[in-house]
Amino acid sequence: MIPAPSGATRLYVIVGDPIAQVRSPAGVSAEFAARGHDGILVPVQVATADLPDFLSMAARLKNLDGIVVTIPHKFACYQACAGATRRAHFLRTVNLMRRRTDGSWYGDMVDGLGFVGAARATGIDPSGMRALLVGAGGAGSAIALELVEAGVSELAIHDSSPERRDALIDRLNRLGKAPVLAGSADPAGFDFVANATPAGMKDGDPLPVDVARLAPSAYCGCVITKPEISPFIAQARKLGCVTATGADMYRQHQGIMVDFLLGTDGGL
């Protein structure tokens, strides 16, 4: 049970456009209550053109302690942070912002932790796997970094923007870990296939990969939370693939999000 808010309740918002698909408000608010914190997370829909005005206003709201960031604002919100974790600086993107005592914002990017955590919850360890990632945006960048850190043998990245894809590939290859290269929508030969695009949120969206080329032994993960079973995941399940949904990803990183927002994450 989430207590009724009062004038003393600390405010947190999740900002995106669209916003109706997010699952965080109820879960995070309940987690606050479970930890004895008088706080609530509410959704706000802000267009890209209005984001600077929103962030300017947010900085002046004295009872606003944190912001959860979703599409398409993760890169722009990084620019609004005075400080950030190492992974957020590496990726130049955030999905979490908490207010510091001096009033400035401190950011982190935990999408990769949730995505790989969801895979591991199904018994899949990405270590040694050939991975294909579709989408090099904010979430995709975080997932790419986490897959490389998890020890994949190779990572191929496919994105509608070759410039964005190549910039991410270049940064990841500088780490000197798994080789990272340009991929395509053909998943043949990959053990781990990740959709980090919105493809499937709207009726008629194309599938992110050619599912006819998926191996039944491949693991398939998706960031989409609405519909919970995206068309990509539905097709992968028909083939017998082990899968995880965007909701599974969210369940894995809800606790990580709350730790960060409350400043109990150990100062990553």
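Bear in mind the structure is a predicted one, so any value in this text is a computation, not a measurement.
- For the ring-ring contact (aromatic ring centres under 6.0 Å, His included) condition, the pairs that include at least one residue of residues 197-229, sequence neighbours left out, are Phe192-Tyr219.
- Panel note: side chain Thr197, backbone Gly135; no donor-acceptor pair is recorded below 3.5 Å.
- A salt bridge links Arg251 with Asp248: the distance from a Lys NZ or Arg NE/NH1/NH2 to an Asp or Glu carboxylate oxygen falls below 4.0 Å.
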**OP:** Give the C-alpha distance, both sets of side-chain angles, the deciding distance and a yes or no for ring pair (Phe, Tyr, Trp, His ring centres under 6.0 Å) between Tyr78 and His89.
**Re:** CA-CA 8 Å; Tyr78 168 77; His89 276 314; 5.8 Å; yes
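- Residues Lys74 and Asn95 share a closest heavy-atom pair of CE-CB, 4.1 Å.
- There is a side-chain donor-acceptor pair under 3.5 Å between Asp102 and Ser104.
- A salt bridge does not link Asp108 with Arg98: every distance from a Lys NZ or Arg NE/NH1/NH2 to an Asp or Glu carboxylate oxygen is 4.0 Å or more.
- Between the side chain of Asn173 and the main chain of Val180, a donor-acceptor pair closer than 3.5 Å is present.
- Between Asp259 and Arg35 there is a salt bridge, since a side-chain N of the basic residue sits under 4.0 Å from a carboxylate O of the acidic one.
- At a cut-off of 3.5 Å, with distance as the only test, a side-chain donor of Arg237 or Thr243 sits close to an acceptor on the other residue.
- Within the model, atoms CG of Asp65 and CG of Leu41 stand 12.0 Å from one another, a figure rounded to the nearest 0.5 Å.
- A continuous path of Ile, Leu, Val, Met, Phe, Trp and Tyr side chains, each step under 4.5 Å between heavy atoms, connects Phe90 with Ile143, placing both in one hydrophobic cluster.
- Annotation: cation-pi geometry not satisfied between Arg100 and Trp105 (NZ/CZ under 6.0 angstrom from ring centroid, within 45° of ring axis).
- Under the 4.5 Å side-chain heavy-atom criterion for grouping Ile, Leu, Val, Met, Phe, Trp and Tyr, Met249 is connected to Leu145 within one hydrophobic cluster.
- Scanning all heavy atoms of the two residues, the minimum distance from Thr122 to Ala244 falls at CG2-CB, 4.4 Å.
- For the residue pair Asp186 / Ser184, no side-chain donor-acceptor distance below 3.5 Å is found, with atom types taken as modelled.
- Contact between Cys81 and Met97 at its shortest, heavy atoms only, is SG-CG, 3.8 Å.
- Side-chain atoms of Arg165 and Ser161 include no donor-acceptor pair closer than 3.5 Å.
- Here the closest non-hydrogen pair linking Phe190 and Ala218 is O-CB, 3.6 Å.
- Note on Leu132: it does not cluster hydrophobically with Ile157, by side-chain heavy-atom contacts below 4.5 Å among ILVMFWY residues.
- When side chains are defined from C-beta on, Ser153 does not count as touching Met129, because their heavy atoms never get closer than 4.5 Å.
- Taken to the nearest 0.5 Å, the CE atom of Met201 stands 8.5 Å off from the CG atom of Asp205.
- Minimum heavy-atom separation, Glu146 to Gly112: CG-O, 3.4 Å.
- Residues Leu207 and Val209 fall within the same hydrophobic cluster, defined by Ile, Leu, Val, Met, Phe, Trp and Tyr side chains chained together at heavy-atom separations under 4.5 Å.
- Residue pairs meeting the ring-ring contact (aromatic ring centres under 6.0 Å, His included) criterion with at least one member in residues 135-177, sequence neighbours excluded, do not occur.
- Because its NZ or CZ atom is not both nearer than 6.0 Å to the ring centre of Tyr250 and within 45° of the ring axis, Arg23 does not count as a cation-pi partner of that residue.
- Across Ala88 and Val94, no two heavy atoms sit closer than the pair CB-CG1, 4.0 Å.
- Applying the ring-ring contact (aromatic ring centres under 6.0 Å, His included) test to every pair with at least one member in residues 34-72, sequence neighbours left out, gives these pairs: Tyr12-His37, Phe32-His37.
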